[in-house]
Amino acid sequence: MSLSPIQRTLLKVIILGDSGVGKTSLVQRYVHKKFNQKFKPTIGADFITREIQIEGKLVTLQIWDTAGQERFQSLGPAFFRGADSCVLVYDVNDKKSFNSLQMWRDEFIKQTDIPYPDKFPFVVIGNKIDLDGGASREVESKKAKEWCSSIKGPLGVVPYFETSAKENQNVDEAFFDIAEAALFLGCPQDIYYESMAGSLTEIVEPQNRGCAC
Ligand code: GDP
Ligand code: MG
C-alpha cells in the first residue's frame with residue numbers, strides 16, 4: 001500500500017480579555033457559526049479547533065478560550081505553552097475593558113517568557129459594535145487604533161478589528177488575519193501524517209519553522 005504524507009500545521013491561538021467582553025461568543029461564532037445570548041462564564045481552560053486553508057496549506061487553528069475568573073493565576077502553564085498568537089479582546093461599550101488590554105498583554109508576555117515580545121503576533125479585537133446601534137460606544141476606533149500603533153508588532157502596528165459576534169460582523173475576517181499572523185509570524189508546528197484507508201496517523205515528530213522563538 002502506498003502512503004502519502006499529509007502536512008498539517010497546528011496553530012495555537014490564545015484569547016484574552018476581561019470577563020464578559022465576548023471571547024467565548026466570538027469563538028463560538030467562528031467555529032460553530034452560532035450565537036447564544038445567555039451569559040455562561042467559561043469554566044476550565046479549554047480549546048476548540050477549526051480547520052482552514054491558507055495559501056493551499058492545511059491549518060488547524062487551536063483556539064484557547066480563557067477560563068473562569070479570567071485571572072492568570074488560575075490558568076496553568078499548559079494554557080500558554082507554545083502559543084503562536086494572542087488575541088486581546090475588549091468591548092467597545094466598556095472603557096474599562098479597553099484599559100485592561102495593556103495589563104493582559106503585559107501578563108501574557110510575563111507568563112510565556114517569549115524572548116522578543118515586539119516580534120510576537122498580537123491581534124486586538126473591539127467586540128459588540130452592534131450594541132444599541134453604536135449609541136453606547138465608549139471607545140472610538142481612533143483611540144483603539146492609536147493604542148495598537150503604540151505597542152510594537154512584527155508588522156509595525158498591531159492589527160485591529162471591530163466585530164459583532166452577535167451579528168456576525170467581521171468575525172471570519174479577524175480570525176483569518178489571526179491565523180495568517182500566527183502562521184507567518186509565530187512558531188507553528190508542522191505535523192506530518194500518513195494517510196491510510198482514510199484514517200490519519202501521526203508519524204513524525206513536530207518541527208519548528210525558522211522564526212524568532
Ligand atoms: P466572555 O466572558 O468574554 O467569554 O464573554 P461571553 O462570550 O460569555 O459574552 C458575554 C455576554 O455578552 C453574553 O451575554 C453574550 O451574549 C454577549 N455578547 C457577546 N458578544 C456580543 C456581541 O457581539 N454583541 C452583543 N450585543 N452582545 C454580545
Ligand atoms: Mg468566556
Side-chain angles (χ1 to χ4, degrees), residues 11-50 61-81 83 85-109 111-112 121-145 147-148 158-179 181-182:
L11 299 177
K12 179 171 177 177
V13 175
I14 290 182
I15 316 267
L16 296 175
D18 285 0
S19 180
V21 296
K23 301 181 297 297
T24 302
S25 301
L26 284 165
V27 175
Q28 289 296 321
R29 166 62 77 194
Y30 180 61
V31 176
H32 298 304
K33 305 191 185 334
K34 62 177 189 202
F35 177 77
N36 189 348
Q37 189 75 49
K38 267 210 258 132
F39 179 63
K40 246 198 317 184
T42 312
I43 297 167
D46 211 354
F47 65 82
I48 51 178
T49 59
R50 182 172 157 178
L61 262 193
Q62 189 184 69
I63 307 170
W64 288 68
D65 192 7
T66 7
Q69 312 92 311
E70 270 104 341
R71 281 192 284 112
F72 277 83
Q73 299 89 309
S74 66
L75 304 168
F79 188 82
F80 299 98
R81 198 175 299 132
S85 170
C86 176
V87 185
L88 303 169
V89 184
Y90 79 99
D91 173 355
V92 299
N93 310 284
D94 176 7
K95 198 157 184 253
K96 198 171 143 286
S97 71
F98 174 71
N99 292 336
S100 297
L101 292 180
Q102 185 69 50
M103 177 279 288
W104 285 113
R105 184 176 184 268
D106 291 347
E107 284 295 326
F108 175 84
I109 290 166
Q111 295 283 333
T112 45
F122 286 93
V123 173
V124 174
I125 291 184
N127 188 39
K128 304 196 194 182
I129 53 170
D130 63 279
L131 204 73
D132 293 335
S136 24
R137 188 189 263 264
E138 289 186 358
V139 182
E140 293 308 319
S141 311
K142 190 168 165 271
K143 192 158 186 217
K145 283 182 193 156
W147 186 73
C148 289
V158 170
Y160 175 62
F161 289 88
E162 296 201 337
T163 59
S164 165
K166 186 178 179 188
E167 304 293 336
N168 195 16
Q169 282 178 272
N170 233 3
V171 178
D172 275 4
E173 289 82 350
F175 275 100
F176 191 79
D177 196 85
I178 290 156

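Residues: numbered from 1 along the sequence shown. Note that ligands are numbered from 1 as they come in the structure, with each ligand's atoms numbered from 1 the same way. Worth knowing before you read on, the calculation uses all heavy atoms, side chains too, and leaves out hydrogens, waters and symmetry mates.
- Closest heavy-atom approach to atom 17 (C) of ligand 1 within the set Glu167, Lys128, Lys23, Gln169: this belongs to Lys128.
- Within the 4.0 Å heavy-atom criterion, neither part of Val89 lies near ligand 1.
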Using residues 165-176 as the side-chain source, report each donor-acceptor pair under 3.5 Å to any protein atom, sequence neighbours left out, with the distance given to one decimal.
residue	atom	partner	partner atom	Å
Asn170	ND2	Glu162	O	2.9

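- For ligand 1, the polar-atom distance check against Asp65 finds no nitrogen or oxygen pair separated by under 3.5 Å.
- Heavy-atom proximity to Leu131, at under 4.0 Å, picks out these atoms of ligand 1: 26 (N).
- In this structure, the side chains of Leu26 and Asn127 come closer than 4.5 Å at one or more pairs of heavy atoms.
- Under 3.5 Å, the side chains of Asp18 and Ser97 contain no donor-acceptor pair of N or O atoms.
- The distance from the Mg ion (ligand 2) to the nearest N/O/S atom of Ser25 is not under 2.8 Å.
- Residue-ligand proximity: Ser19 is placed with a non-hydrogen atom under 4.0 Å from ligand 1.
- Residues passing the side-chain contact (heavy atoms from CB on, under 4.5 Å) test with Gln102, sequence neighbours excluded: Asp106, Trp147, Ile151.
- The closest heavy-atom contact to atom 4 (O) of ligand 1, among the options Ile129, Asp130, Asp132, Thr24, comes from Thr24.
- Heavy-atom proximity to atom 6 (P) of ligand 1, evaluated over Ala165, Gly20, Ser97, Ser25, is greatest for Ser25.
- Remark: side-chain polar atoms of Lys23 are paired, donor with acceptor, to backbone N or O of Gly17 under 3.5 angstrom.
- A 4.5 Å side-chain heavy-atom check between Val139 and Tyr90 finds at least one atom pair inside the cut-off.
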